[in-house]
J.: 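Dumping the structure here so I can ask a few things about it.
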Amino acid sequence: MNAPHLTCPDPSDRPDLWPWSARRHDGVLHIGGLLATDIAHQWGTPIYVLDEGDLEGRALTWVSAMAEEFWDGYGMGGGSAYFAAKAFMSAGVIHTVTAAGMGVDTASLGELTCALEAGADPDRIGLHGNNKSDDEIRLAISAGERGIGRIVIDAPAEVERIATIARQLGRRARVMIRVTTGVHAGGHDFIATAHEDQKFGLSLVSGAAYRVARAVCETEELDFVGLHSHIGSQIFDLEAFTESASRLMGLAKQLAAEGIECREVDLGGGYAITYTAADPVPPTQKEVARSLATAVREACARHNLKVPHISIEPGRSTIGPTTVTLYRVGTVKRVPIDEGERLYVSVDGGMSDNIRPALYNAKYCVTLANRAPTGPTALSRIVGKHCESGDIIIADTLLPADVAPGDLLAVPATGAYGHAMSSNYNMLTRPGTLAVRDGEARWLIYPETVSDLLDRDATLNPQ
Ligand code: LLP
């Protein structure tokens, strides 16, 4: 038995699966110039290990690819990239991606506050949300000298709500309109966001997006920046993005006929990454930017429209592959199954540090990190330590048959929506995120302690 989906290729075989600095030397996995064994020994497990050079490289590559492909010297309106901070939020990450030239896309008071506290330029911050609170809108409008660069309107009622708060603050708010273009692509149904029957955005087909854009332009307190669409997540097929872009340009044309200019059109995030050997190699960042540019240029030529500034909001593809989760193996149990037996390999984390397999049936792969994964293999299932039988990180994999307590396991591609969606189920403490680079390490997020958890218990901490 050696089906590719059951094994985890080493960095040298599938570099797209691993952080740039990941290597195996003398059997042991290295990341950022550090041995996985040393990392686990010094900083503990489970732990998210983030290759900071890789993050910087991906951020720089998005910025340069968008700038080059949409360069105004080609008759375009320029291009930029916003990091979708929902994938992973910390001030250190915001420093790295903004220093590389990315803006920041936020979706809550917490994300917006963290971006501002981290020193991101308010002009280059966006705020999303289908149910924004007054506090969120207020902070967005009051930040910096002119408020943040774009609040993305998600419902007709937001026109008046945002205008009212802007009036109270004596400011104008810069807004975009979130458009559902009808393109439904990729991923699990929960992660697809641009088809019609769901909570996000304003429909293009029904004319709702057009009507709200007009209402914005008739509202003094609002400054219409342009259109936005996000079609879903973990999408390999570039045609889905180009089709959506071309539909958005159709709406931009319709608005232009009314004298309404879209200065900027944001095409959202959703660009796929590799999680297992069964995944195809995803398009490069440059290929993504190039096909978006081609589609936008063609659509604008068709509509005789000046090309607006184009932005994107890649989250997963900026940070997902930069991070590896290290777990320590605890209990190993042989369980008879119809076709023989399965090794249940229990690790010291689980669904609290990676909910994606349980929530979306997402697939990951795993390899031994402390020694070469050689010798006879056994069909194995990697499970966490939660009181829940669905606490499975990897349902089927081949591991060396002698996998034993104390071994270290590495799960790549956990940088996006891993820590961001982590929980304290069973009162487990959430792992820290350690940035590694050139043999140095520092915490981006400290590991939680039991005392952090108890601090929130009102009975134990009466006020
Ligand atoms: N922009 C908007 C408006 C979004 O809603 C999202 C993701 C992004 C950008 C970034 O998408 P990305 O490039 O990361 O695919 N928790 C799910 C993903 C939900 C994504 C929600 N919105 C997961 O773990 O797969």
Side-chain angles (χ1 to χ4, degrees), residues 55 58-59 62 66 80-89 93 97 102-108 111-112 115 125-132 150-155 176-181 183-195 198-202 227-238 240-241 244 248 265-275 279 282-283 285 288-289 292 310-323 325 351 353-364 393 411 413-423:
L55 178 64
R58 284 171 196 279
W62 271 132
M66 289 302 288
S80 54
Y82 285 69
F83 172 60
K86 69 201 75 190
F88 181 98
M89 188 45 142
V93 161
V97 300
M102 291 184 97
V104 185
D105 155 36
T106 66
S108 69
E111 287 180 8
L112 179 55
I125 297 179
L127 174 69
H128 278 280
N130 63 302
N131 186 22
K132 301 177 191 75
R150 72 274 276 290
I151 301 175
V152 186
I153 291 185
D154 201 276
M176 292 185 115
I177 293 192
R178 171 100 176 237
V179 183
T180 40
T181 59
V183 176
H184 173 188
H188 188 281
D189 223 26
F190 298 162
I191 17 185
T193 53
H195 57 298
Q198 43 85 16
K199 68 175 185 169
F200 292 110
L202 293 150
L227 304 174
H228 182 289
S229 160
H230 170 78
I231 61 170
S233 225
Q234 185 57 6
I235 301 167
F236 283 90
D237 179 9
L238 289 180
F241 295 105
S244 182
L248 274 182
V265 170
D266 192 306
L267 302 174
Y271 311 103
I273 64 164
T274 309
Y275 284 98
D279 285 328
Q285 294 164 283
V288 170
L292 295 180
I310 300 290
S311 45
I312 56 171
E313 292 171 339
R316 186 191 317 267
S317 54
T318 308
I319 202 158
T322 66
T323 300
T325 306
M351 65 195 298
D353 61 74
N354 189 354
I355 190 64
R356 300 189 72 259
L359 190 58
Y360 310 124
N361 195 21
K363 305 291 182 224
Y364 285 83
I393 302 169
V411 176
T414 55
Y417 308 109
H419 173 265
M421 294 172 79
S422 62
S423 78

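Indexing begins at 1, ligand by ligand and atom by atom, following the structure's order.
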J.: Could you go step by step and tell me if Arg58 and Ile319 meet the side-chain contact (heavy atoms from CB on, under 4.5 Å) rule?
T.: CA-CA 8 Å; Arg58 284 171 196 279; Ile319 202 158; over 6 Å; no
J.: Is any N or O atom of His128, backbone or side chain, closer than 3.5 Å to an N or O atom of ligand 1?
T.: no
J.: What part of Asp105 sits under 4.0 Å from ligand 1 if we count only heavy atoms: the side chain, the backbone, both or neither?
T.: side chain
J.: At under 4.0 Å between heavy atoms, is it the side chain or the backbone of Ala87 that contacts ligand 1, or both, or neither?
T.: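 Neither part.
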J.: Heavy atoms, side chains only, cut-off 4.5 Å: are Phe241 and Leu267 in contact?
T.: no
J.: With the threshold set at under 4.0 angstrom, would you say Tyr360 reaches ligand 1 through any of its heavy atoms?
T.: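 Per 4.0 Å heavy-atom rule, Tyr360 contacts ligand 1.
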J.: Any chance the rings of His128 and His228 have centres within less than 6.0 Å?
T.: yes
J.: At under 4.0 Å between heavy atoms, which part of His230 makes contact with ligand 1: side chain, backbone, both or neither?
T.: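 Side chain only; the backbone of His230 stays clear of ligand 1.
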J.: Specify side chain, backbone, both or neither for Arg316, according to which of its non-hydrogen atoms lie closer than 4.0 Å to ligand 1.
T.: both
J.: Within a distance under 4.0 Å of any heavy atom of Ser233, pick out the atoms of ligand 1 and give their elements.
T.: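 Matching atoms, with element in brackets: 11 (O), 12 (P), 15 (O), 20 (C).
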J.: So Tyr275 and Lys363, side-chain contact (heavy atoms from CB on, under 4.5 Å) or not? Walk me through it.
T.: CA-CA 7 Å; Tyr275 284 98; Lys363 305 291 182 224; 5.6 Å; no
J.: Donor-acceptor check, side chain of Thr323 to backbone of Ala413, threshold 3.5 angstrom: yes or no?
T.: no
J.: Look at the side chain of His419 and the backbone N and O of Met421, then say whether any donor-acceptor pair between them is shorter than 3.5 Å.
T.: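 Judged by distance alone, no pair lies under 3.5 Å.
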J.: Walk me through it: do Ile312 and Tyr271 pass the test side-chain contact (heavy atoms from CB on, under 4.5 Å)?
T.: CA-CA 10 Å; Ile312 56 171; Tyr271 311 103; 3.5 Å; yes
J.: When you compare ligand 1 with Lys86, is there at least one nitrogen or oxygen pair between them that comes in under 3.5 angstrom?
T.: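 For ligand 1, there is an N or O atom that lies under 3.5 Å from one belonging to Lys86.
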J.: Hey, is ligand 1 close enough to Gly270 that some N/O pair sits below 3.5 Å?
T.: yes
J.: Can you list the atoms of ligand 1 that are under 4.0 Å from a heavy atom of Pro314?
T.: 13 (O)
J.: Mind running side-chain contact (heavy atoms from CB on, under 4.5 Å) on Thr325 and Asn354 for me, showing each step along the way?
T.: CA-CA 9 Å; Thr325 306; Asn354 189 354; over 6 Å; no
J.: Is the NZ or CZ atom of Arg356 positioned over Tyr364's six-membered ring, under 6.0 angstrom from the centre and within 45° of the axis?
T.: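 Negative - Arg356 is either too far from the ring of Tyr364 or too far off its axis.
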J.: Does ligand 1 come near enough to His228 that some N or O of the ligand is less than 3.5 Å from an N or O of the residue?
T.: no
J.: List ligand 1 atoms under 4.0 Å from Ala84, heavy atoms only on the residue side.
T.: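 This gives 8 (C), 9 (C), 10 (C) as the contact atoms.
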J.: Can you tell which of Gln234, Arg356, Met421, Glu313 gets a heavy atom nearest to atom 3 (C) of ligand 1?
T.: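 The nearest heavy atom belongs to Glu313.
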J.: Quick check: Gly315 and ligand 1, any N/O pair under 3.5 Å apart?
T.: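 For ligand 1, there is an N or O atom that lies under 3.5 Å from one belonging to Gly315.
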